[in-house]
2 protein chains.
Amino acid sequence: MPKYADKADAGLPGDPALFKVMTEISIIANLADREFERRMPGGLTTAQFGVLNHLLRLKAQQTIGEIAGAMQVAQPTMSSTVKRLHEKGYVEFVPDTKDRRVKHVKVTRAGRAIRDKAVKTIEPGLAYLKEGTPGADWDKILKELTRLRIVLDAAG
Amino acid sequence: MPKYADKADAGLPGDPALFKVMTEISIIANLADREFERRMPGGLTTAQFGVLNHLLRLKAQQTIGEIAGAMQVAQPTMSSTVKRLHEKGYVEFVPDTKDRRVKHVKVTRAGRAIRDKAVKTIEPGLAYLKEGTPGADWDKILKELTRLRIVLDAAG
DNA sequence: CTTTATTATATAGATACCTATCTAATAGAT
DNA sequence: ATCTATTAGATAGGTATCTATATAATAAAG
């Protein structure tokens, strides 16, 4: 049951627009995670899907640290996510020949298969969202959100 | 150290705009939480601040279920957040005279004080973000994001 | 009235995320 | 060569979030 569908926005009248934007972003992030994970096969989470998708699109192996940087999360977070993918057999670890501290993460066949399945699961949902927001210029909104993210990131 | 500031967007070339938007939203939500919590007094989290702010702006007490609905999170999540606020002395529980199952959550003086401090802490950050994104029409973006959230919420 | 259904909140068990810290291995400096 | 600094990753402890379930109290039905 939707809880907010009858309200103009998630904020209160006095809030500045950007504050409301941040509130919406927080709610959307949570709702989207829930929707995706409800539909994703094999108990994949969005974090786990993100890693598989990232590596497969790059067509490359990466270290845990590199993946953490690319996904914009802390290294221990990525250690944990990769560990779960490993337990499920979706990635394997390739030792570095020159530096024994390093683990190269490689997607397995099973990992590729589950990711392809996940992509197919997501596509109709994305189409649904796009149809549900006619007239929205997502390319333009993307540009602004990217600018916002860069400023926010630089502030840290 | 920013990790993404040198990239056009957080997605990959083949991704549809709306997919990239969702990716940005996820990253922004995390970055914003971190920034705010780093600056907030008294170890307040964004979730905890959100509850105090919500109740104080409404100028009303609400039950845990009502707050959960308003903040768009599951009821056990709100039980947990409210519990932490109670441990810190920022809210108190007012028993319902007619229904002994119900807890009315009321912000204490200390809660109001910490929220006022938090608001003052946030304002410059918001101004910084706004200045860092000149020309962005946040009112318009808010409208689109709200539509997106409503569609997403209705899908659940 | 007693039994059943509903409702409000709490508890249990996961995952994701963080910061702080530890270990192991490599690199640098003297 | 040895001592120190840096780096990759793992571990510990904490909050937020979810779903599923338990508990308690009210409401509805018989």
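So that the names make sense, note that chain A is the first sequence line, chain B the second, and so on, each numbered from 1.
With a cutoff of under 4.0 Å to any heavy atom of chain A, the contacted region of DNA chain C is bounded 5' to 3' by C:dT15 to C:dT26.
For the OP1/OP2 pair of D:dC18 and a distance below 4.0 Å, the side-chain nitrogens and oxygens of B:Thr77 include at least one atom meeting the criterion. Contact check, B:Arg100 against D:dT26: a side-chain N or O comes under 4.0 Å of OP1 or OP2.
Rounding to whole angstrom units, CG of residue B:Asp33 and C1' of D:dT15 are separated by 11 Å. What separates CG of A:Asn30 from C1' of D:dC18 is a distance of 9 Å, to the nearest Å. As rounded to whole Å, 17 Å separates atom C1' of D:dG14 from atom CE of B:Met40. Across the protein-nucleic acid pair, B:Leu44 atom CG and D:dT15 atom C1' stand 12 Å apart, rounded to whole Å.
Under the salt bridge (charged side-chain N to carboxylate O under 4.0 Å, His left out) criterion, B:Glu123 pairs with no residue, sequence neighbours left out. A:Glu144 is linked by a salt bridge (charged side-chain N to carboxylate O under 4.0 Å, His left out) to A:Arg147, counting only residues two or more places apart in sequence or in another chain. For A:Asn30, the side chain to side chain donor-acceptor pair (under 3.5 Å) test picks out no residue, with sequence neighbours left out. Residues passing the side chain to side chain donor-acceptor pair (under 3.5 Å) test with B:Gln61, sequence neighbours excluded: none. Residues satisfying the side chain to side chain donor-acceptor pair (under 3.5 Å) test with A:Thr46, not counting sequence neighbours, are A:Asp33, A:Glu37.
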| request: Decide yes or no on side-chain contact (heavy atoms from CB on, under 4.5 Å) for A:Lys120 and A:Lys117, but give the supporting numbers first. | output: CA-CA 5 Å; A:Lys120 276 181 195 151; A:Lys117 218 170 159 186; 5.9 Å; no
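Taking a 4.0 Å limit (strictly below) on heavy-atom distances, residues 111-123 of chain B does not reach DNA chain D anywhere. Residues of residues 80-93 of chain A that place a heavy atom closer than 4.0 Å to DNA chain D do not occur.
Screening residues 129-141 of chain B for side-chain hydrogen bond (donor to acceptor under 3.5 Å, both in side chains), with sequence neighbours left out, gives B:Thr133-B:Trp138. Among residue pairs with one or both ends in residues 60-92 of chain A, those qualifying as ring-ring contact (aromatic ring centres under 6.0 Å, His included) are A:His86-A:Phe93; sequence neighbours excluded. Within the structure, the salt bridge (Lys or Arg N to Asp or Glu O under 4.0 Å) test picks out the following pairs touching residues 75-100 of chain B (sequence neighbours left out): B:Glu92-B:Lys106, B:Asp99-B:Arg101.
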Taking only nitrogen or oxygen atoms into account, show me every contact under 3.5 Å that the protein makes with nucleotides 5-9 of chain D, one pair per line with its distance.
unit_1	atom_1	unit_2	atom_2	d
D:dT7	O2	A:Arg101	NH1	2.4
D:dG9	OP1	A:Lys103	N	2.9
D:dG9	OP1	A:Lys103	O	3.2
D:dG9	OP2	A:Gly65	N	3.0
D:dG9	N7	A:Gln75	OE1	3.2

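When atom types are taken as modelled, the side chain of A:Thr146 and the backbone of A:Leu142 share a donor-acceptor pair closer than 3.5 angstrom. Of the possible donor and acceptor atoms, none in the side chain of A:Ser80 sits under 3.5 Å from a partner among the backbone N and O of A:Pro76.
Screening A:Ile141, A:Leu18, A:Ile25 against B:Ile141 for a side-chain contact (heavy atoms from CB on, under 4.5 Å) leaves a single residue, A:Ile141.
A:Gln48 comes within 4.0 angstrom of the backbone, heavy atoms only, and of no base.
The side-chain heavy atoms of B:Thr121 and B:Phe49, taken from C-beta on, include no pair separated by under 4.5 Å.
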